[in-house]
Amino acid sequence: MHHLLPLLPAIPLLVAAVLVAGGRRLPRPAAESLASLTAAATAALAVFLLLHSSPPLVEWVGGWFPRHGESVGIVLLGDGASLGMAALVSLLTLAALAYSWHYFDEPPRGHAGSYPAMMLLFQGGMCGFALAGDLFNAFVFFELMGVVAYALTGYRIDEAKAVQGALSFALVNSLGAYFMLMGIALLYARTGELAMAKIGQGLDRAAGHHGPDVLVLAGFALFLTGLLVKAAAVPFQFWLPDAHAVAPTPVCMLLSGVMVELGVYGVWRVHGLVFAGPGGVPAADATRVLVVLGVLTAAVGSVMCWYQRHIKRLLAFSTISHTGLFLLGIGVLRPEGDVGTALYVLGHAGVKAALFACAGVLLDRYGTVDEFQLHGRARRLRGVGVLFAVGALALAGLPPFATGLGKAVSEEAVGGPLTVVYVLASALTGGAVLRVAARVFLGLGRRPAAEDGQEREEDKTSGGSEEPETRQRLTGVPATMRTVPAVLLAAALLAGAVPGFAEAAGHAVEESGSPGVFSSAHWTASGVLLDLLSTLLAAVLAGVAVARPGLLSAPGWALPLRRLQSGHVGDYVAWLLLGTALLGALALPGVLG
Amino acid sequence: MSSVLHVLPYLVAAWGFLAGCYGLATSRNLIHAVGCLAGCQSATYILLLAVGYRDGGTAPVFSDIRPGSRPVVDPVVQALTLTDIVVGATVTALLLALTVQIAKRHGTVDPDELRELRG
Amino acid sequence: MNGWIPAATVVLAGGLGTTLWGVSTGGLGRRVIAQNLSTALVCPGLLLLAQGYGRTSYVDLALLLALLGPVGTLVFARLLADDLAEENPAGWGPTWAAVTVGVVVVLVLCAVTGPGRAMVKLLIVGALLIGGNLLASRALSGGFPGVGRG
Amino acid sequence: MTPRVRLWLVCLGGGGLAALLVAACLRLPAFGGLWHPYGDRAVRTSLARHTANTVASVNFDQRAFDTMGEMTILFGAVLGCVVLLRQARDEHRDPPEPCEVVPPVRRYALIVLPVALVTGLYVIAHGQLSPGGGFQGGVVAATSLHLMYLGADYAALERIRPVEAYEVTDALSASAYLLLGLAGVLTGTAFLANTLLPYGTFNTLSSGGTVPLLNAAIGVEVACAVVVLLARFLDQAVEIEEAKGEMSAP
Amino acid sequence: MADAVIVVALLAVAVAATAAVVNRDPARQALVLAVLGTALAVLFTVLQAPDVGLSQLAVGSALTPLLIMLSVRKVRRRSAHGKDGTQ
């Protein structure tokens with residue numbers, strides 16, 4: 001069984017290579033069917049392995065099983081969490097490929113297979129990263145998914161914004177990856193090993209009775225920088241809206257749905273295996289780091305999300321906000337938090353991908369994703385409108401969506417005042433999306449004045465002049481573009497509503513995560529109430545925003561926050577440096593004490 | 001001499017990394033920024049290889065020496081660095097490709113003039 | 001310990017020092033010449049290192065540098081031909097000096113190794129190094145008189 | 001953000017990072033230390049598998065999975081460059097003007113080209129014995145072809161470089177690497193397991209089991225990938241022109 | 001004495017890396033990067049990593065400069081072209 005683990009990344013990579021080799025002979029439908037079939041097969045394999053992952057599978061690639069406890073090979077971990085992520089990646093890739101069926105204008109001349117091939121490479125990279133149990137191997141797959149994601153983001157080279165967003169994405173993420181590599185080198189120097197579990201043991205042994213020293217701290221800060229850049233935590237988040245607003249919609253579905261979450265997953269994995277022991281970073285400090293960044297990220301993300309009018313950018317900021325919530329969930333270092341976050345990630349992937357899919361329909365139908373310009377214009381797209389509104393409510397945590405369940409379980413795990421963060425962040429982001437739904441699909445409220453006298457700098461990102469991604473503007477919505485969001489939302493609903501699914505997921509995550517006794521994940525009365533509260537808040541916010549736009553328009557203090565999102569790659573790098581220093585400072589007490 | 005040498009390679013790596021970051025943050029030309037990123041990355045090569053060095057060791061390549069006749073340095077970091085160099089070269093190429101497109105679409109490669117993605 | 005490594009240290013320190021100074025200051029012409037010299041001066045250093053470490057397999061490094069270093073210079077000569085046209089940097093003095101260092105090092109090493117495959121390899125490296133450097137200098141001083149959009 | 005504020009931010013963040021890095025450097029094991037557990041194991045394993053170049057053994061046997069990822073990164077980046085540097089709708093191709101090259105330079109290029117090509121192949125072939133291998137040799141071989149552009153002109157290069165063939169070969173050799181990995185699974189051992197072939201005699205070209213095969217696959221892949229990559233950049237720099245009169249305003 | 005050559009290589013790399021950042025014109029930076037590549041190859045040789053040194057030479061001495069210079073040429077030609085267009 002465990003011998004099949006390496007196939008999860010290898011199969012998509014192989015088919016991608018075949019697609020490139022045969023791409024110029026293969027007609028486009030054949031190339032796309034082959035790619036979809038591969039994604040489906042990989043997903044099936046991942047689910048199959050997932051069902052057999054108790055006890056967790058471990059594979060030493062190349063047959064380098066440890067002798068006397070030591071190996072020279074690379075280890076892959078096939079436990080509930082990693083295989084769950086791999087399955088999620090594969091399913092979402094399948095959804096994205098189905099959505100983009102006959103979607104783009106003509107592919108590059110003589111390279112019909114290149115777009116599906118790149119999607120498969122992306123999938124392979126993400127699967128490999130999810131399974132990696134070796135630090136350097138994780139870096140390699142981290143780079144692979146990065147490299148392909150940069151190219152996919154800049155896919156529409158005719159668009160000035162697309163290439164610029166892709167470059168910010170590429171520069172910041174590559175730099176983050178090099179931070180990660182510096183961290184790996186430091187940890188290798190201390191422990192002489194590369195497998196995560198062995199490094200953890202090595203750190204414990206080296207620390208002895210003194211506890212961790214500054215070398216461990218530096219390794220922790222540097223490695224986490226790389227992962228948090230991918231996860232778009234504040235202050236590493238600036239690249240994300242730039243990239244997500246301009247990437248082709250199917251790519252956005254993957255970027256927001258799983259790639260960013262893989263950053264959070266990486267933090268959880270590496271913390272659990274490397275830094276959780278007595279020689280790693282003390283629990284209190286790790287919690288401080290993750291909770292502080294999580295709260296900041298959730299706050300910045302949701303406030304910025306509320307003040308956007310570019311719909312894709314708005315969704316991108318809501319992803320940032322939710323990443324903050326995920327970081328909070330894993331930050332408390334309790335099994336309930338892990339399970340809640342896992343469910344939340346699952347639900348969020350479906351909901352966010354569905355929302356992006358709907359935004360893509362708007363873009364291709366009307367040639368704009370500006371909330372103001374679209375006011376009331378999409379009344380006739382009833383089906384898409386319903387999906388968009390349902391997605392908004394699910395984002396706010398409406399039971400019984402998996403987002404709501406994940407949110408409820410996480411809230412219970414973090415407890416206390418941090419619950420407020422969950423409620424407010426999901427209400428704000430859900431409310432913002434609901435507001436868009438009300439304005440665009442129902443035409444409620446006054447049509448907002450496009451300009452209030454002078455053109456402000458921020459209006460450049462209104463989304464008014466985007467090029468549609470299809471050959472011509474769509475006149476009708478193709479069935480695939482309608483079905484995919486519906487299926488995704490249904491999946492998010494079922495994941496939360498089907499009894500037993502949450503327990504099974506909880507069990508799988510618990511087995512692979514931090515030790516602790518945890519009963520099971522299920523709906524509780526308080527959880528449902530909090531979910532309903534955040535949904536209600538979202539509806540009220542959206543209603544007020546539509547009826548009385550003046551009341552909730554951007555106050556003076558929000559403007560500097562928007563100004564920070566300057567689109568200048570030098571600024572982003574400066575923030576990245578500051579963020580690493582911040583990470584080090586936040587974890588410093590554990591080393592000094 | 002020797003106590004300085006015990007940390008000098010690491011410090012050089014740290015210096016190179018920081019210098020690259022500084023250049024990246026303050027760059028006025030995206031091609032220059034990509035070059036700075038390459039500089040940053042060379043720091044990671046130095047750190048990795050410095051970690052694997054062994055005093056008096058020689059390369060772990062036995063085509064021209066007898067195995068076991070001389071102490072050898074750590075081959076693992078060398079393999080990692082090789083991978084890293086490939087990654088670096090490809091990332092550089094991809095970034096340059098994006099830069100070329102930016103030059104076409106925006107008419108400039110100065111990040112100070114690329115102000116479309118604000119707010 | 002042997003004398004080869006100190007010799008290599010001196011050659012490399014001198015070579016890298018001068019070329020770094022040359023390549024990071026002054027006009028474009030001077031910088032290109034310095035880049036060209038870096039090949040010519042580092043390559044003998046690598047040969048000396050291979051001898052000093054007693055590893056014949058390290059000679060491959062010198063071989064590759066002798067081969068690709070001039071190619072790198074050709075890149076600059078060709079793609080900067082317009083900018084260099086005004087300066088027409090020749091730098092024959094430093095070039096000949098560097099070539100002399102190369103010749104001396106290769107000859108000494110040949111004398112030490114004695115005839116055999118190793119010596120043939122050394123001679124190839126030497127020939128590539130010297131030929132490449134002279135050629136690269138020639139290319140810099142107006143080697144591409146008519147570079148249009150090609 | 002003004003440049004001044006950014007500089008302050010860089011100083012602040014960079015200062016913190018510098019403090020962190022320097023403090024960590026001082027705690028690292030002294031440079032040149034004798035303790036390399038993984039490295040020692042790797043050397044022993046490599047000798048047990050009759051691979052003279054330990055680095056090749058780590059790359060293509062012990063940690064061959066990393067190399068698979070690395071190769072795919074290269075493959076993906078080249079594919080990305082092909083997509084990013086394609087001819088956009090508002091661009092057209094102008095045939096390049098021939099370039100005038102003084103005869104000695106042209107002669108040099110034509111003489112060195114085969115030498116470099118052979119050297120590249122030599123470096124690939126001896127990868128599991130002496131320093132070198134698929135990656136290094138592949139880059140050298142690919143670079144050598146471009147002497148045609150540097151020493152002669154672009155048209156001459158295009159004659160010896162049918163890009164499509166290189167693209168297909170690139171993809172095929174990448175598949176070959178992956179298929180060699182899959183062969184392990186199919187024969188019932190493990191992915192990328194080096195158990196298919198005998199390990200051969202130490203320090204000969206056929207030693208090391210599948211190491212020479214994987215090495216050769218990487219060599220071909222890298223050579224083709226670099227050729228395709230450079231072809232895209234040359235296309236942009238030399239051939240592709242934007243339509244006249246459609247120059248963007250800024 | 002074996003240490004002296006390591007120190008020399010390290011210092012050369014440090015200086016070259018700094019120079020690569022300080023030279024802000026891309027063409028000049030490419031020249032410095034080419035020398036940085038050579039210096040790194042020397043450093044890798046003295047750190048007994050000839051495999052890595054070879055790969056650094058292969059990438060750093062011709063490939064990266066060629067890529068950068070081709071990009072510089074494209075960018076420059078574009079802006080020169082643009083000026084013509086506005087005249």
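Throughout, protein chains are lettered first and strands after them, A, B, ... in sequence-line order, and every chain is numbered starting at 1. We use all heavy atoms of the structure for the numbers below, so side chains are in, but hydrogens, waters and symmetry mates are not.
- Contact between D/H146 and E/L66 at its shortest, heavy atoms only, is CB-CD2, 4.5 Å.
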- Do E/L63 and D/L230 pass the side-chain contact (heavy atoms from CB on, under 4.5 Å) test, and can you show the C-alpha distance, the side-chain angles, and the key distance before you say yes or no? CA-CA 9 Å; E/L63 181 62; D/L230 283 172; 3.8 Å; yes
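- D/V139 approaches E/A58 most closely through the heavy-atom pair CG1-O, 3.4 Å.
- Summarising the local packing, CH2 of D/W8 is surrounded by 12 or fewer heavy atoms from other residues, nucleotides or ligands at distances under 6.0 Å.
- Heavy-atom distances place both the backbone and the side chain of D/F233 under 4.5 Å from chain E.
- A donor-acceptor pair under 3.5 Å is formed between the side chain of E/K74 and the backbone N or O of D/I240.
- Heavy-atom minimum distance, D/Q136 versus E/D51: NE2-O, 2.9 Å.
- With a 4.5 angstrom heavy-atom cutoff, E/L47 touches chain D only via side-chain atoms.
- Contact of D/N59 with chain E is not made at all, since no heavy-atom distance falls under 4.5 Å.
- Between D/F135 and E/L54, every side-chain heavy-atom pair lies at or beyond the 4.5 Å cut-off.
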